[in-house]
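Just below is one structure, and these are the notes that go with it.
Chain letters run A, B, ... following the sequence lines, proteins first and then strands; every chain starts at 1.
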Number of protein chains: 2
Amino acid sequence: MLDERKAAILRAVVEEYIETAQPVGSSHVARASGVQVSPATVRNEMVQLEQEGYLHQPHTSAGRVPTDKGYRFFVDALTDPGSLDATSGQRVQAFFRRAHGAIEQMLQDTSQLLAELTDYAAVVVGPGHEDAVIRSVQLVGLAPRTALLVVVLSNGAVDKSVLDLDEDTGDERLAAVTAHLSAHLVGSTLGELPTLPATGDPATDRVSALAVDALTAATRTEPDEVYVGGASRVAVAFDAVESVRQVLSVLEQQYVVVGLLSDVLDRGLTVSIGSEHQPLSECSIVVAPYQVEGEPAGTIGVLGPTRMNYQQALAAVAVVSRRLGRRLSEG
Amino acid sequence: MLDERKAAILRAVVEEYIETAQPVGSSHVARASGVQVSPATVRNEMVQLEQEGYLHQPHTSAGRVPTDKGYRFFVDALTDPGSLDATSGQRVQAFFRRAHGAIEQMLQDTSQLLAELTDYAAVVVGPGHEDAVIRSVQLVGLAPRTALLVVVLSNGAVDKSVLDLDEDTGDERLAAVTAHLSAHLVGSTLGELPTLPATGDPATDRVSALAVDALTAATRTEPDEVYVGGASRVAVAFDAVESVRQVLSVLEQQYVVVGLLSDVLDRGLTVSIGSEHQPLSECSIVVAPYQVEGEPAGTIGVLGPTRMNYQQALAAVAVVSRRLGRRLSEG
DNA sequence: GCTGGCAGTCGATGATACCGAGTGCCAGCC
DNA sequence: GGCTGGCACTCGGTATCATCGACTGCCAGC
C-alpha cells in the first residue's frame with residue numbers, strides 16, 4: 001500500500017509529532033528518517049501522503065501533522081511489541097507481588113498504576129459478575145420491611161441488593177430463606193441461576209423468589225464497575241481547557257466508558273484512534289482484555305490524545321493486563 | 001469594623017467580580033451599589049479597603065479584585081441563608097423521593113446531584129463505620145487458606161476483609177467461627193468491639209481473633225469512602241489548565257479530600273476560602289455535615305474557585321445535607 | 001528520479017501607537 | 001468635613017505593521 005520510503009517518512013513524521021506536538025517539516029524528516037534523502041524528495045512524498053489522507057497540513061507554509069489514518073498506519077506497523085523500561089517493569093512486578101486484599105481496591109490501584117506508567121488517564125473495568133460462582137448467599141434484615149441480600153462470589157466480590165418486602169418479616173423467616181437460597185444457589189453462577197424448588201411454605205417461597213429476581217435484575221442492569229485512575233493527567237495531555245472538560249465528562253459516565261472499551265473485548269490488545277470510536281474523537285485508546293482462568297473477564301485501557309506514545313502505552317497495557325489476569329486467577 | 005458604606009461597596013465588588021471575573025472599577029460600583037455616591041467617593045473608600053486587605057489591585061489603572069479576606073467578609077455577612085430556586089428545590093425533592101437501593105450508589109448519586117445544582121465539583125464523604133451497628137458477620141471460604149469476612153451493618157453498608165489463614169481451614173470450621181462471631185459481635189458497633197470469650201477450641205479461637213483483628217484494623221485504617229461528582233466542572237470553573245490539574249490531582253487523593261472536609265465536622269455549614277485551608281488555595285469549599293439519627297455521620301461539600309457563587313452553593317449544600325441525613329435516618 | 005535552488009506563503013514574533021478603563025489627587029461646593 | 005466633578009496620568013489590551021523564518025511548491029539540471 002505504501003512503499004518502503006513513504007512508510008519511513010510517515011513514521012518519522014508521527015514520531016516527531018508525538019514528541020514535539022509541532023507540525024513536522026520536510027527537513028526534519030530528512031534529518032531523522034532512516035532513509036537518507038533530501039528534503040525536496042521528502043516534500044514530494046509528503047504531498048502524496050497528504051493526498052492519500054495520511055497527513056494534513058494546517059496551512060501552507062507549515063509542516064505536516066498526522067491524520068487519524070496516519071496514526072493508524074503507524075500503529076499497525078508497530079510490529080515490535082515494545083517492552084517496558086526496566087524500572088517500570090519492576091514497578092509492575094512489585095505492585096502485583098504486593099497486591100493483596102479486596103478486589104475493588106486492587107482494581108482501583110491498578111488503574112492508578114497504569115496511569116503512572118503511561119502518564120495518561122487509565123481505566124480498569126472490573127470482571128463481570130455473570131461468570132462468577134456464588135460462594136454464599138445471605139439475607140440480613142435491616143428494617144421490618146427491608147432486607148439486604150448479600151452474595152459472596154468466588155473472586156472475593158460481594159454483590160448486594162436491597163429487598164423491599166411486602167410484609168414484616170422476622171429473622172427466623174429470613175434465616176429460612178437464607179438456608180433455602182444457600183442450598184440451591186451456592187455453586188451456580190450469577191448468569192445462570194437455577195430455578196428454586198418450592199419449599200411448601202408460601203411465604204418463604206415468595207421472599208426467595210423476590211431475592212432471585214433482585215439478583216438477576218442486578219446482574220443484568222448493573223454496569224460493570226469502572227475504576228478511573230490519573231484523571232488529572234488529562235489536564236496536561238490536552239492543553240485546551242474545553243477538550244479537558246469533554247474528556248473528563250465522558251470519564252464520569254461509567255456506562256459510556258464501558259461501552260468505549262468493551263467492544264474490543266475479543267480482539268485482544270487493541271488501539272482505537274480518534275474518529276474510529278464514537279465520543280472523544282480527540283483521543284486514542286489503548287485497550288486489552290484480561291483473562292481470569294482462561295476466560296476474558298474485564299478490560300483495562302489507557303486514554304490519551306491521538307498523539308500519545310503508543311509504544312509505551314501498548315507495552316504498559318499488555319504487561320499490566322497479563323499480570324492482572326494472572327493475579328486474579330490465583331484467587 | 002467596616003462602616004455601612006464600605007461594606008456595601010465591598011459587597012458590590014464581590015458580587016460583580018463573581019459574575020464577570022473582571023476587576024471591578026469604581027464607576028461600576030457606583031452604578032450598582034445600594035449606596036448612591038459618586039465614583040470618586042467609591043475610589044476613596046476602595047483605597048482604604050485595599051489598605052485594610054479586603055481588596056487587591058492587579059495593577060495601577062485596573063479595577064479591584066476581592067482578596068480572600070474580602071470574600072470572608074462577604075460570606076460572613078450573608079445573613080440570608082439563601083434558598084434554592086424552585087426548580088432546584090424540586091429536583092432535590094424528587095431525587096430523595098426516588099433515592100433507593102444501595103447506600104454507596106445513593107451517595108455517589110448525591111454527589112452528582114450536588115454538582116449539577118451548583119455547577120461545581122461536589123464531594124460526599126460516606127458515614128463512618130465506627131458507629132454503625134453490626135447486623136451480621138459471616139466468614140466465607142475463598143481458597144484453602146483464604147477467607148472473606150463479610151460484615152453487614154445496620155445502615156446497609158457491607159464491610160469486608162480478606163483473611164489469610166495459617167492453615168487450610170474447612171467450611172465446618174469457618175461455620176463454627178461464623179457462629180461464634182455472630183453470637184458475640186452482632187449488635188455491637190465496629191468502633192467498640194467486645195472481646196470474645198474462649199470457645200474451648202483453640203483453632204476456632206485463633207481464627208476468630210484473626211477476624212476481630214482484621215475488623216478493627218480495617219475500621220481504623222480504612223479512610224471513609226469519598227464520592228466525587230462533577231469533576232469535569234473544574235475544567236470550566238478554572239480556566240488555567242495548570243489549576244485544573246492541581247485541583248483534579250487533589251480530588252484523586254481520597255484521604256486529602258477527607259482531611260479537607262472533615263475538620264469542619266462539628267462546625268455545621270461552613271465555608272473555607274482559599275488560603276484558609278491547606279492545599280488548593282485557589283479554591284473555596286462549602287461544607288456541611290449531615291446527621292443520621294441525630295449524630296453527625298459524614299460530610300458533603302462543594303469545591304469551586306474562590307469567586308464561586310457562595311449563596312447558591314450554601315443553599316444547595318444546606319438543603320442536600322439536611323435531606324440526605326433525613327433519608328439515611330429512615331433506614 | 002533525485003536534488004539544489006528559488007520564489008512565495010503565512011503564521012509567529014516584536015515594535016509601535018493608540019485607546020480607554022481606571023486611578024489618585026485636588027479644588028470647590030454643600 | 002465630606003462629597004463631587006474635573007483632570008492629568010498609568011498601563012494593560014488591541015490593532016497595525018514590518019520582519020523573520022520555517023515551510024512549501026516548482027523547476028531546471030544532474
Side-chain angles (χ1 to χ4, degrees), chain A residues 2-67 70 239-240 307, chain B residues 2-67 70 239-240 307:
Chain A
L2 289 187
D3 63 56
E4 188 55 42
R5 199 170 61 187
K6 281 208 186 62
I9 290 173
L10 177 52
R11 194 178 326 125
V13 172
V14 172
E15 279 171 354
E16 176 138 351
Y17 186 69
I18 284 176
E19 192 179 342
T20 66
Q22 299 295 327
V24 182
S26 55
S27 49
H28 280 164
V29 174
R31 222 175 298 136
S33 149
V35 187
Q36 288 300 353
V37 285
S38 77
T41 310
V42 174
R43 280 202 287 281
N44 289 330
E45 299 281 52
M46 293 216 291
V47 171
Q48 297 186 46
L49 282 170
E50 184 168 7
Q51 283 169 353
E52 294 174 48
Y54 293 99
L55 293 178
H56 168 244
Q57 203 173 15
H59 52 264
T60 348
S61 90
R64 303 303 211 289
V65 165
T67 61
D239 37 27
R307 53 169 282 272
Chain B
L2 289 187
D3 63 58
E4 187 56 41
R5 198 171 62 188
K6 281 208 185 63
I9 290 173
L10 178 52
R11 196 179 324 126
V13 172
V14 172
E15 279 170 355
E16 175 139 350
Y17 186 69
I18 284 176
E19 192 179 343
T20 66
Q22 299 294 329
V24 181
S26 55
S27 50
H28 281 163
V29 174
R31 222 175 298 137
S33 152
V35 187
Q36 286 302 351
V37 285
S38 75
T41 309
V42 173
R43 281 203 287 281
N44 289 330
E45 300 282 53
M46 293 216 293
V47 170
Q48 297 186 46
L49 283 170
E50 184 168 6
Q51 282 169 353
E52 294 174 48
Y54 294 98
L55 292 178
H56 169 243
Q57 202 172 12
H59 52 263
T60 348
S61 90
R64 303 303 212 289
V65 165
T67 61
D239 37 26
R307 53 170 282 271

Quick check against the 3.5 Å criterion: does S26(B) have a side-chain atom that pairs as donor or acceptor with the backbone of V42(B)? no
dT23(C) C1' sits how many Å from Q51(B) CD, rounded? 14 Å
Between E15(B) and V29(B), is there a side-chain heavy-atom distance shorter than 4.5 Å? no
Atom CZ of R43(A) to atom C1' of dC23(D): distance rounded to whole Å? 8 Å
When you check the phosphate oxygens OP1 and OP2 of dA21(C), does a side-chain N or O of R64(B) lie under 4.0 Å from one of them? no
Taking any heavy-atom pair under 4.0 Å as a contact, classify A62(B): base, sugar-phosphate, or nothing. sugar-phosphate
If I take atom CG in residue D3(A) and atom P in nucleotide dC2(C), what distance separates them, rounded to the nearest angstrom? 9 Å
Checking T67(B) side chain against G53(B) main chain: does a donor-acceptor pair fall under 3.5 Å? yes
In whole angstrom, give the distance that lies between atom OH of Y17(B) and atom P of dG22(C). 14 Å
Nearest-nucleotide wise, let me know which of N44(B) and V24(A) is further upstream toward the 5' end of DNA chain D. N44(B)
Sugar-phosphate, base or nothing in reach of T41(A), heavy atoms under 4.0 Å: base
For R31(B) and dA21(C), give me the distance from atom CZ to atom P, rounded to whole Å. 10 Å
Heavy-atom check, side chain of V24(A) versus side chain of L55(A), under 4.5 Å: no
Should R5(B) be listed as having a side-chain N or O under 4.0 Å from OP1 or OP2 of dC3(D)? yes
To the nearest angstrom, how far is H59(B) atom NE2 from dG13(D) atom P? 6 Å
Phosphate contact (dG22(C) OP1 or OP2) by T60(B) side-chain N/O below 4.0 Å: no
Q36(B) CD to dT4(D) C1', straight-line distance once rounded to whole Å: 14 Å
Do Y54(B) and V13(B) come within less than 4.5 Å of each other through their side chains, counting heavy atoms only? no
Spacing of I9(B) atom CD1 relative to dC3(D) atom P, expressed in whole Å: 10 Å
Nucleotide forming a Watson-Crick or wobble pair with dC30(D), both distances under 3.5 Å: dG1(C)
Does the base of dT9(C) carry an N or O that pairs as donor and acceptor with the side chain of S61(A) under 3.5 Å? yes
